[in-house]
Amino acid sequence: MSAVNNTNFNCAVFLLIGIPGQEDVNLWISVLFCIVYVISIVGNSVILFIIKTDPSLHEPMYIFLSMLAVTDLGLSISTISTTLGIFLFNSREISHDACFAQMFFIHLFECIESSVLLLMAFDRFIAIHDPLRYASILTLPRIGKMGLVCVLRGVTVMLPFPILLQQFQYCRSNVLSHCYCINQDVMKMACSDIRINSIYGLCITLLTEGLDSLLIFLSYVMILKTVLSITSQEECLRALNTCVSHLCAVLLFYTPMIGLSLLHRFGEGSSPLLQILLGYISLLVHPLINPLVYSVKSKHLHAKILRVFVK
């Protein structure tokens, strides 16, 4: 009898949601999301194509930028099917396995992007603090090893999430808070003891995005200290200008992600609409804006992009 009851209450699928109360304008919202995804995918793909095909851009700064573009593409592709499925076809159901797989890739690319942003901060520090040794410190083989470490770290720390969630029984409401699956949201649906999952998630957040953001902050403290020691005001401004694009990328990535994480863990009485909007911003905005910011701020890359489209 208990087995029957467990079968009845163990949800076979999760239900994703779009924007509650806006179902009448789902078609127009889908058009907006299609535009966002097209710009994100095309923009990051163009940057990757130009960096790959132009030998003059095979420098550390642009290689790190190509890593950032790959992670942004990964994030966009990880969410595009469920997001457009909801708004275009009202397809809200997602199986447990598909949900856990999507969750793994979303968190994996977030972790890798956090690592890449840290590497880019290190790149800017070396370029400003020790420009004469810049090329000898950041060699191509060393950059390749750094990228591999970023991927391995992401896979290692994120793989336990779907494995832990697979062990749970899901007998509560199966309606998730977003149009995609994330760990903080899915684990609340379980009727099992989720303390291990919750503690592990908090520890991983602190040791990945938390530690990375702290090291990025310390990198900029050292960059600022180096810049202030430069006697020429023109050289000082030129050095700071090389960091603007990276600072924008850091703010676009960490601000909504930290806000969403805090809402999921501590915002019991917060507005569901606020969670949904922050969820969209945390995964859609930086893949959209990063290519635009870097294309505008990097004169070399800007010229190459214009040359491609003018031809």
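Because the structure is a prediction, the values reported are computed rather than measured.
- Interatomic distance, C181 SG to Q102 CD, rounded to the nearest 0.5 Å: 5.0 Å.
- Between F161 and Y200, the ring center distance clears the sub-6.0 Å criterion.
- Under the 4.5 Å side-chain contact rule for hydrophobic residues, I29 and L27 do not share a cluster.
- No hydrogens or angles considered: nothing links the side chains of S78 and Y180 as a donor-acceptor pair under 3.5 Å.
- E113 and H286 are linked by a side-chain donor-acceptor pair at a separation below 3.5 angstrom, with hydrogens and angles left out of the test.
- Judged by distance alone, the side chain of D185 and the main-chain N or O of L176 form no donor-acceptor pair under 3.5 Å.
- For the ring pair (Phe, Tyr, Trp, His ring centres under 6.0 Å) with H246, the qualifying choice from Y220, Y294, F122 is Y220, the only one to do so.
- Side-chain atoms of N44 come within 3.5 Å of backbone atoms of S40 as a donor-acceptor pair (strictly under, hydrogens ignored).
- Within a 6.0 Å sphere centred on CZ of F105, other residues, nucleotides and ligands contribute 12 heavy atoms or fewer.
- Under the 3.5 Å distance criterion, the side-chain polar atoms of S198 are left unmatched by any main-chain donor or acceptor of R195.
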For ring-ring contact (aromatic ring centres under 6.0 Å, His included), just list the numbers for H96 and F168, CA-CA rounded to whole Å, side-chain angles, deciding distance to a tenth of an Å, and then say yes or no. CA-CA 11 Å; H96 287 186; F168 295 156; over 10 Å; no

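- Ring planes of Y170 and F14: perpendicular class, angle over 60° (limits at 30 and 60°).
- With hydrogens and angles disregarded, a donor-acceptor distance shorter than 3.5 Å links the side chain of R92 to the backbone of L16.
- R153 and S115 form a side-chain donor-acceptor contact under 3.5 Å, judged by distance and modelled atom types alone.
- Hydrophobic clustering (side-chain heavy atoms under 4.5 Å, transitive across Ile, Leu, Val, Met, Phe, Trp, Tyr) groups F89 together with F33.
- Although no hydrogens or angles enter the test, the distance criterion places no donor-acceptor pair under 3.5 Å between the side chain of H129 and the main chain of I223.
- Of the N and O atoms on the side chains of D54 and S56, at least one donor lies less than 3.5 Å from an acceptor on the other residue.
- There is no path of hydrophobic side-chain contacts, each under 4.5 Å, that joins I281 to L251.
- Judged purely by atom type and a 3.5 angstrom limit, H107 uses its side chain to pair as donor or acceptor with the backbone of N183.
- Side-chain contact, D212 with Y254: no donor N or O sits under 3.5 Å from an acceptor N or O.
- A donor-acceptor pair under 3.5 Å links the side-chain atoms of S213 to the main chain of G210, judged by distance alone.
- Side-chain contact, T83 with Y280: no donor N or O sits under 3.5 Å from an acceptor N or O.
- The number of heavy atoms from other shown groups lying within 6.0 Å of CG (L214) is above 12.
- Using modelled atom types, one side-chain atom of T205 and one backbone atom of G201 make a donor-acceptor pair closer than 3.5 Å.
- Both I276 and L15 are assigned to one and the same hydrophobic cluster, defined by single-linkage of ILVMFWY side chains at heavy-atom distances under 4.5 Å.
- Listed for the T139 side chain is no donor-acceptor partner under 3.5 Å among the backbone atoms of S136.
- Here the straight-line distance linking atom CE of M120 with atom SG of C243 works out to 10.5 Å at 0.5 Å rounding.
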